[in-house]
Amino acid sequence: MKKTDSGIPIEEIYTRPSGMNEISGEYPYTRGIRKDMYRGRLWTMRQYAGFSTAEESNKRYHYLLSQGITGLSVAFDLPTQIGYDSDHTMSEGEVGKVGVAIDSLADMETLYKGITLQNITSSMTINATASVLLAMYVALAKKQGADLSKISGTVQNDILKEYAARGTYIYPVRPSMRIITDIFAWCSNELPKWNTISISGYHIREAGSTAVQELAFTLSNGKAYVKAALDQGLDINVFGKRLSFFFNAHNNLFEEVAKFRAARRIWADMMKEMGATAPEAMMLRFHTQTGGSTLTAQQPDVNIVRVTVQTMAAVLGGTQSLHTNGFDEALGLPTEDASRIALRTQQVVAHESGVTDTVDPLGGSYFIESLTEQVETEARNLIALVDDMGGSVTAVETGWMQEQIGRSSYIYQKEIDNGKKIIVGVNAFQCESNQTAPPILRIDDSIRQMQSQKIQQLKTDRNAENVASDLNRLGKAAREGKNLMPFILNAVENYATLGEIADQLRQEFGEYK
């Protein structure tokens, strides 16, 4: 019998299941969070980009805006993600390589040069240092004279999946959770339209999980964040409206659609059980990125087909925003040509395919409805296991979640190795090895020297006494349990570097081992 990638059996023919009377825009939102879905407004086409210096990334953003993207998405380099300035010894060999290097507010000013923050939404893929990058964004918005009540965007800010699947953590689990709830509370008052977290299944899937595990572990993490916020006395009907999710789209079209539909249903029930009464606080809003781990270095042009299938899965599943990968990303950072083709893939689906003409186009399919119910059942069973062990924080601290993901990754790779799982161009339908490789975008190691010189000049020009005072106050606030965001913002506005702020918190919280 055939099965989905999560091992769910696929029947030869499906009969009409129950639960077909649900309406889009109404609880539990299985068929979409808005009544008219894409007939009223298309998803945000938010292409993820960032590399080298702020100057180079700014050029790419202006290019993408000229080509029709409707939202920016910032990729940061690894030193920025783990709280090291570009001149730190730990940054050697990594500055600007997988994202843009941002060391201070001065870099943020360059990154968004010529872009009015009040007129654009930005998503920032940043976790351990999310509070610092958000403070830089706010400081720049203030310098532009923006009305902070109208600034909108997202910080990923999901640290639990970093411990479970990705690795760009700094502090131990519980201080990290405290920083996250500080962001929730501060934004509720200061930045009401900002999405304070993007609870990410994407990286869980990239680490090798199944679709069901991606769904279950992501929603379990979401529950942990909600409970942490409730423990701090925050209003679920306020912060719940600013929670968002980030899912992966893989090649198994129907399972992916079922996953997205089931996600909305489970989350609505979860939030209701935890006390939410406002409809917006029960709606699961999500961004999707096509599957990076599905891209192949062999026959890279074929990745355009994979990305198209994954784009259809995300749209048919009701995503609110979407990034499509460049076909060359198994080889390096996407070139300008690859980025344009990826964006055009979204635009063709949006304007030429007809899938946006009706709400939940696959709704009512015997297969999709049954598969949605099966994905939901299996995900709920996994969530119950996490709950039984005390929730996601415990599941991560004990290594149980990591072990489950690792086991699934091993099984998947074993199926590729023995030919049970066909990957076109890899273990079947290969071409001669002398095929022409596409041009590859490479980042020169001289970027680190350039960034280091900028930091040196910054420290010469700024008021060192103000920075030292701000960092001392931040450390005191961390010890006294105060909300850290106002203190981080003050330090950023006086041009303290990201590494200086992260180091101050390292002194107070320690590091995760």
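Keep in mind that the numbers below use all heavy atoms, side chains included, and drop hydrogens, waters and symmetry copies.
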What orientation do Trp43 and Tyr38 show, parallel under 30°, tilted 30 to 60°, or perpendicular over 60°? perpendicular
Glu403 CD to Ser408 OG distance, which is reported to the nearest 0.5 Å: 10.5 Å
Without hydrogens or angle criteria, can the side chains of Tyr163 and Ser176 be said to hold a donor-acceptor pair below 3.5 Å? yes
Mark yes or no for whether Ser392, through its side chain, and Asn221, through its backbone, hold a donor-acceptor pair below 3.5 Å. yes
For His203 and Phe246: C-alpha separation, side-chain torsions, deciding distance, then whether ring-ring contact (aromatic ring centres under 6.0 Å, His included) applies. CA-CA 9 Å; His203 304 97; Phe246 175 24; 5.8 Å; yes
Inspect the contact between Glu376 and Arg261 and indicate whether a charged nitrogen and a carboxylate oxygen are less than 4.0 angstrom apart. no
Euclidean distance, Ile197 CD1 relative to Asp158 CG, rounded to 0.5 Å: 5.0 Å
Report yes or no: does Glu256 contribute a side-chain atom to a donor-acceptor pair with the main-chain N or O of Ala313 at less than 3.5 Å? no
Would Arg34 and Glu26 pass as an ion pair if we require N to O under 4.0 Å? no
Beyond-backbone contact of Met401 with Gln404, side-chain heavy atoms, under 4.5 angstrom: no
May I ask you to check whether Trp267 and Tyr29 place their ring centers less than 6.0 Å from one another? no
Using the rule given for salt bridge (Lys or Arg N to Asp or Glu O under 4.0 Å), can you reason through Arg174 versus Glu397, listing the C-alpha separation, both sets of side-chain angles and the distance that settles it, and then say yes or no? CA-CA 10 Å; Arg174 294 178 195 275; Glu397 288 181 327; 3.1 Å; yes
Using only heavy-atom distances, determine whether the side chains of Thr154 and Asn195 contain a donor-acceptor pair under 3.5 Å. yes
Candidate pair Asn237 and Thr277, rule side chain to side chain donor-acceptor pair (under 3.5 Å), full reasoning: CA-CA 7 Å; Asn237 286 319; Thr277 55; 3.0 Å; yes
Does the Asn252 side chain pair with the main chain of Thr4, one donor and one acceptor, at a distance under 3.5 Å? no
Check against side chain to side chain donor-acceptor pair (under 3.5 Å), Tyr202 and Thr218: CA-CA 9 Å; Tyr202 182 85; Thr218 303; over 6 Å; no
Can Val226 and Leu243 be said to form a side chain to side chain contact (heavy atoms under 4.5 Å, CB included), step by step? CA-CA 9 Å; Val226 171; Leu243 305 178; 3.7 Å; yes
Go through Arg479 and Glu508 one step at a time and tell me if the side chain to side chain contact (heavy atoms under 4.5 Å, CB included) criterion holds. CA-CA 7 Å; Arg479 292 190 296 275; Glu508 305 300 334; 2.8 Å; yes
Phe260 and Phe247 aromatic ring geometry - parallel, tilted or perpendicular at 30°/60° bounds: tilted
Using modelled atom types and a 3.5 Å cut-off, is there a donor and acceptor pairing between side-chain atoms of Gln310 and backbone atoms of Gly291? yes
Quick check: Tyr137 with Trp194 (ring centres under 6.0 Å apart)? yes
Can Tyr84 and Thr89 be counted as having a side-chain donor-acceptor contact under 3.5 angstrom? no
Tell me, do Lys193 and Ile151 make a side-chain contact under 4.5 Å, heavy atoms counted? no
Looking only at side-chain N and O atoms, does Ser321 offer a donor or acceptor that is under 3.5 Å from a partner on Arg285? no
Side-chain donor-acceptor pair under 3.5 Å between Gln232 and Lys227, yes or no? no
Ser6 side chain reached by Lys259 side chain, heavy atoms, under 4.5 Å: no
Go through the side-chain N and O atoms of Thr290 and Asn325 and say whether any donor and acceptor fall under 3.5 Å apart. yes
Verify the distance criterion only: is there a donor paired with an acceptor across the side chains of Asn248 and Gln289 at less than 3.5 Å? no
Heavy-atom distance under 4.5 Å between the side chains of Ile488 and Leu474, does that happen here? yes
State the CG-CZ distance between Leu322 and Arg46, to the nearest 0.5 angstrom. 11.0 Å
If you draw the axis of the six-membered ring of Tyr27, does the NZ or CZ of Lys272 fall within 45° of it and under 6.0 Å from the ring centre? yes
Heavy-atom check, side chain of Thr80 versus side chain of Asp77, under 4.5 Å: yes
CD/Glu273 to CE/Met282 distance, rounded to the nearest 0.5 angstrom? 11.5 Å
Using a 4.5 Å cut-off on heavy atoms from C-beta on, say whether the side chain of Arg264 contacts that of Pro28. no
Should Asp5 and Thr210 be marked as a side chain to side chain donor-acceptor pair (under 3.5 Å) after you check the CA-CA gap, both sets of side-chain angles, and the distance that decides it? CA-CA 7 Å; Asp5 290 343; Thr210 66; over 6 Å; no
Heavy atoms from other residues, nucleotides or ligands near CZ of Arg41 exceed 12 (cutoff 6.0 Å): no
Is it possible for you to check whether Arg506 lies under 6.0 Å from the centre of the six-membered ring of Tyr512, through NZ or CZ, and within 45° of that ring's axis? no
Are Ser24 and Asp360 close enough, and set up right, to give a side chain to side chain donor-acceptor pair (under 3.5 Å), and what steps lead you there? CA-CA 8 Å; Ser24 59; Asp360 191 24; over 6 Å; no
Run the numbers on Leu134 and Met485 for side chain to side chain contact (heavy atoms under 4.5 Å, CB included), then give the verdict. CA-CA 9 Å; Leu134 176 58; Met485 281 303 298; 4.2 Å; yes
Pair Ser86, Asp103: side-chain N/O donor-acceptor within cut-off below 3.5 Å: yes
Is any side-chain heavy atom of Asn157 closer than 4.5 Å to a side-chain heavy atom of Ile199? no
Are Thr129 and Gln81 linked by a side-chain donor-acceptor pair shorter than 3.5 Å? no
Under 4.0 Å between a Lys/Arg side-chain N and an Asp/Glu carboxylate O for Arg380 and Asp269? yes
Does Met389 CE have over 12 foreign heavy atoms under 6.0 Å away? yes
Show, in sequence, the C-alpha distance, side-chain angles and deciding distance for Met177 and Tyr225, and conclude whether the side chain to side chain contact (heavy atoms under 4.5 Å, CB included) test is met. CA-CA 8 Å; Met177 293 291 285; Tyr225 295 128; 3.5 Å; yes
Looking only at side-chain N and O atoms, does Thr324 offer a donor or acceptor that is under 3.5 Å from a partner on Gln47? yes
What pairs with Glu206 under salt bridge (Lys or Arg N to Asp or Glu O under 4.0 Å), at least two apart in sequence or on another chain? none
Strictly by modelled atom types, are Asp470 and Asn494 linked by a side-chain donor-acceptor pair under 3.5 Å? yes
Salt-bridge test for Glu94 and Lys97: reply yes if a basic N is under 4.0 Å from a carboxylate O, no otherwise. no
Decide, yes or no, whether a salt bridge links Arg205 with Glu214 under the criterion of side-chain N to carboxylate O below 4.0 Å. yes
In plain terms, say whether Arg178 and Asp182 are close enough for a salt bridge, that is, a side-chain N and a carboxylate O under 4.0 Å apart. yes
Please name all residues satisfying salt bridge (Lys or Arg N to Asp or Glu O under 4.0 Å) with Arg166, sequence neighbours left out, ordered by chain then number. Glu162
Assess, by modelled atom type and distance only, whether the side chains of Asp85 and Ser91 contain a donor and an acceptor separated by less than 3.5 Å. no
Does any part of the side chain of Lys3, heavy atoms only, come nearer than 4.5 Å to the side chain of Glu255, both counted from C-beta? no
